[in-house]
Amino acid sequence: MILEVNESFDTFMPVPVRFRTLLHRFHVKESKQMPTIAATSSASKSFSPPTRPLIYLLETCKSMDQLQQVHCQAIKTGLNANPVLQNRVMSFCCTDDYGDFQYARHLFDEIPEPNLFIWNTMIRGYSRLDFPQLGVSLYLEMLRRGVKPDRYTFPFLFKGFTRDIALEYGRQLHGHVLKHGLQNNVFVHTALVQMYLLCGQLDTARGVLDVCSKADVITWNMIISAYNKVGKFEESRRLFLVMENKQVLATTVTLVLVLSACSKLKDLRTGKKVHSYVKNCKVESNLVLENALIDMYADCGEMDSALGIFRSMNNRDIISWTTIVSGFTNLGEIDVARNYFDKMPEKDYVSWTAMIDGYIRSNRFKEALELFRNMQATNVKPDEFTMVSVLTACAHLGALELGEWIRTYINRNKINNDLFVRNALIDMYFKCGDVDKAERIFREMSQRDKFTWTAMIVGLAVNGHGEKALDMFSNMLKASILPDEITYIGVLSACTHTGLVDKGRKYFLRMTSQHGIEPNIAHYGCLVDLLARAGRLKEAYDVIKNMPIKANSIVWGALLAGCRVYREADMAEMVVKHILELEPDNGAVYVLLCNIYAACKRWNELRELRQMMMDKGIKKTPGCSLIEMNGRVHEFVAGDRSHPQTKNIDAKLDKMTQDLKLAGYSPDISEVFLDVAEEDKENSVFRHSEKLAIAFGLINSPPGVTIRITKNLRMCMDCHNMAKLVSKVYNREVIVRDRTRFHHFKHGLCSCKDYW
DNA sequence: GTAGGGTTAG
């Protein structure tokens, strides 16, 4: 084999010509063979170039080829036993990007008594190659051969550790550190702390920090960072105060970390203290620090201060802007946020997602989707956070088509389909009434967390599969996932929607006895709902009277809903009084009482109440239904005539009335309380928003396609009857998601078994 | 002739 003289090698080295020729000759002959210590020949000592040029050559080596040439030369000339030269060769092979560790290992095996440097270098080599186990073995071999570790050994050794190796050997090696008195070396100390952090032993790491009197500020930063990562923000803050006491000088990074903790804790006081640090020039400020300050003020709701910093900045980056935007969305000032968002010089996926998410948290789902469409017109690619937000919007709107499209989009664009995304998909499918698809996602998941199970339980419950939801709950417990208070809301509502009153009561008690969850107001609401819907109004009322928390309007509302179903006008009046004490302007309550008076034919009371409502200017929340068609969400309000297809919808409604009357439909106006002639009552019922949406759906989708509707209020009796008949007469599945649950209409029946 | 590390926005 002819030596390929690398051009750079050839040109940059000031090597004497004679010397270079020799190198060539040697290499040609023996390049395939691994040189050994034993190969050192005394004969070659006759030719003895000075050691220094060889070492110099080694220092300039850029590849193994070059290194081997020089090394062979050293062997040939008997200089390879020189420890400095040996160290150089080992060091190159173990640490250089082009180093060949195997070469080092062979040389190492031939060295009778490697010095500590060589041992350290070999250990470093194993760490670099991610063979921590072999590093440990080598370290133990070193001890066996009577060589003591120094301050380099442990940093090198720990550097390559994985979590498992750290767990296995960490404590023992810590003992070695102490035995050799190396614990106060700042490098060893830092490596030790890092090793413990690597395997999640935060408390031990903290202990190591605590016993060291002169720990580096960066070690403090590492621990604070670790506390932040596991959400122990109080600890982060406390550690910062300890640092102050010990007069350890904070760096900008320390302050950024502490500010991050303050944001999460909403601790304006400490946040301001950090700010004064910066103002007093105790550290040099930078962009990251200023962003962290903005974030702290924003999360504490102090947008004026946040804006003050923002405006004073010379350089702002995307993070500065995004922080301001999300600061406003968090306060619900969505339009101000949008203003800043529109002014951003550039936007990335985080900015877009922050804004989309802002709309979602303000319950402005259609605008969230609109913004997502705008985002797609840019070349900013969404990520899994964006997907979760958009799926959430789809879920709230019942936009199944778009939700499905998002799922395809995720797969096609290789967006990280993580646990959050899958959980959001499950939720979306359930909220769109597609139980099968939700279940399929669940089955295909390899990892499931509390949110997965909870989404399944709640989703099955509201879709009318109470027993399945309860099975799910017991499977969750079998999988050793602990339920939280939301899970129990799902469990209780499974019982409610299925009428399993006694089971529900049992779960309510078990929640505290078995899982230590104290029932909150929402749980009491579920319990009252459970009893009230089953007609056990007296028991429900007893629960309210005896509960340790003061009932709110939602709890009373659950009882009121029961009064409506069972036409208990007297109790209803009492309940309404309670609600109006809490919320004098609650229009929905007046409407419910109207419904009840109408259903009980108490026309005089109804008239008086109507008058009172008019005097007080209380209006009924208009019924509103959404239906998605070809990726667009169409909105219908009761009595709506604004839709472009209104004429067709009217004609279809007329036709439907005829068809359905033949099948035995008769309008049910018992819940209509408008003080009008019977015929008009019938008309107003007939323009309820879900009927408009169903008619629209029948017109615009081919036969056999399921019609899915999302409604803001509870379905009325008449619409419910009508939907059942539509499913039978036109052989169409109709799925209506109302305020509290799903109605799956099929073959003339509803999944709620008329119990809602 | 060798070493190490921390940060901000959804």
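To find a chain, count down the sequence lines: A is the first, B the second, and so on, and within it residues start at 1. Quantities reported herein were computed from a predicted structural model and do not represent experimental measurements.
Relative to the side chain of A:Thr190, the nucleotides B:dT8, B:dT7, B:dG4 differ in distance, and B:dG4 lies closest. If you check B:dT7, B:dT2, B:dG5 against the side chain of A:Phe156, the one that comes closest is B:dT2. Nearest nucleotide to the A:Asp348 side chain, out of B:dG5, B:dG4, B:dA9: B:dA9. If you check B:dT2, B:dG10, B:dG5 against the side chain of A:Tyr349, the one that comes closest is B:dG10. For A:Val256, counting side-chain heavy atoms from C-beta on, the closest listed nucleotide (B:dG5, B:dG10, B:dT7) is B:dT7. Taking only side-chain atoms of A:Val288, from C-beta outward, the nucleotide of B:dT2, B:dG4, B:dT8 with the closest atom is B:dT8. Considering only the side chain of A:Val253, B:dG6 comes nearest among B:dG4, B:dG6, B:dG10.
An aromatic stacking contact links A:Phe385 with the base of B:dG10, defined here by ring centres under 5.5 Å apart and ring planes under 30° from parallel.
Ring planes of A:His176 and A:His180: perpendicular class, angle over 60° (limits at 30 and 60°). The aromatic rings of A:Phe161 and A:Tyr169 lie tilted to each other, with the angle between the two planes from 30° to 60°.
Counting distance only, with no hydrogens placed and no angle test, the side-chain atoms of A:Ser326 and the base atoms of B:dG10 include no donor-acceptor pair under 3.5 Å. Between the side chain of A:Thr353 and the base of B:dG10, a donor-acceptor pair under 3.5 Å is found.
Counting any heavy atom pair closer than 4.0 Å across all strands shown, A:Ile224 reaches no nucleic acid atom. Among the atoms of the strands shown, base atoms are found under 4.0 Å from some heavy atom of A:Asp383. A:Thr252 comes within 4.0 angstrom of no nucleic acid atom, judged by non-hydrogen atoms across all strands. Contacts of A:Asp357 with the nucleic acid, taken as non-hydrogen atoms under 4.0 Å apart, involve only primed sugar atoms and P, OP1 or OP2. A:Asn228 comes within contact range of no nucleotide atom at all, as no heavy-atom separation falls under 4.0 Å. No contact: A:Val193 has no heavy atom under 4.0 Å from any strand.
What separates CE of A:Met313 from P of B:dA9 is a distance of 14 Å, to the nearest Å. Here B:dA3 presents its C1' atom at 17 Å from CE of A:Met195, a figure rounded to the nearest Å. Distance A:Leu289 CG to B:dG6 C1': 13 Å, rounded to the nearest Å. B:dG10 atom P lies 14 Å from atom CZ of A:Phe420, rounded to whole Å. Remark: C1' of B:dG4 and CZ of A:Phe154 are 16 Å apart, rounded to the nearest angstrom. The distance between atom CD1 of A:Ile319 and atom C1' of B:dT8, rounded to the nearest whole Å, is 5 Å. Straight-line distance from the CD1 atom of A:Ile223 to the P atom of B:dG4: 19 Å, rounded to whole Å. As rounded to whole Å, 9 Å separates atom C1' of B:dG5 from atom CG of A:Asn221.
Residue pairs meeting the ring-ring contact (aromatic ring centres under 6.0 Å, His included) criterion with at least one member in residues 260-310 of chain A, sequence neighbours excluded: A:Phe240-A:Tyr277, A:His275-A:Tyr297, A:Phe310-A:Trp321.
For the pair A:Lys159 and A:Phe156, the cation does not sit on the ring face, since its NZ or CZ is not both under 6.0 Å from the ring centre and inside 45° of the axis.
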(Q) Applying salt bridge (Lys or Arg N to Asp or Glu O under 4.0 Å) to A:Glu141 and A:Arg145, what does each step give before you reach the verdict? (A) CA-CA 6 Å; A:Glu141 171 70 14; A:Arg145 286 166 66 173; 3.5 Å; yes
Q: Give the C-alpha distance, both sets of side-chain angles, the deciding distance and a yes or no for salt bridge (Lys or Arg N to Asp or Glu O under 4.0 Å) between A:Arg206 and A:Glu235.
A: CA-CA 11 Å; A:Arg206 172 64 186 273; A:Glu235 281 301 316; 3.4 Å; yes
Q.
Go through it in stages, so that I can follow the logic: the residues are A:Phe154 and A:Tyr139, the test is ring-ring contact (aromatic ring centres under 6.0 Å, His included), and I'd like the CA-CA distance, side-chain angles, deciding distance and then a yes or no.
A. CA-CA 9 Å; A:Phe154 293 103; A:Tyr139 165 75; 5.6 Å; yes
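Side-chain N/O atoms of A:Thr219 include none lying less than 4.0 angstrom from OP1 or OP2 on B:dG5. Contact annotation: A:Lys229 side-chain N/O to B:dT7 OP1/OP2 distance is under 4.0 Å. Look at A:Arg124 and you'll find a side-chain N or O under 4.0 angstrom from OP1 or OP2 of B:dA3.
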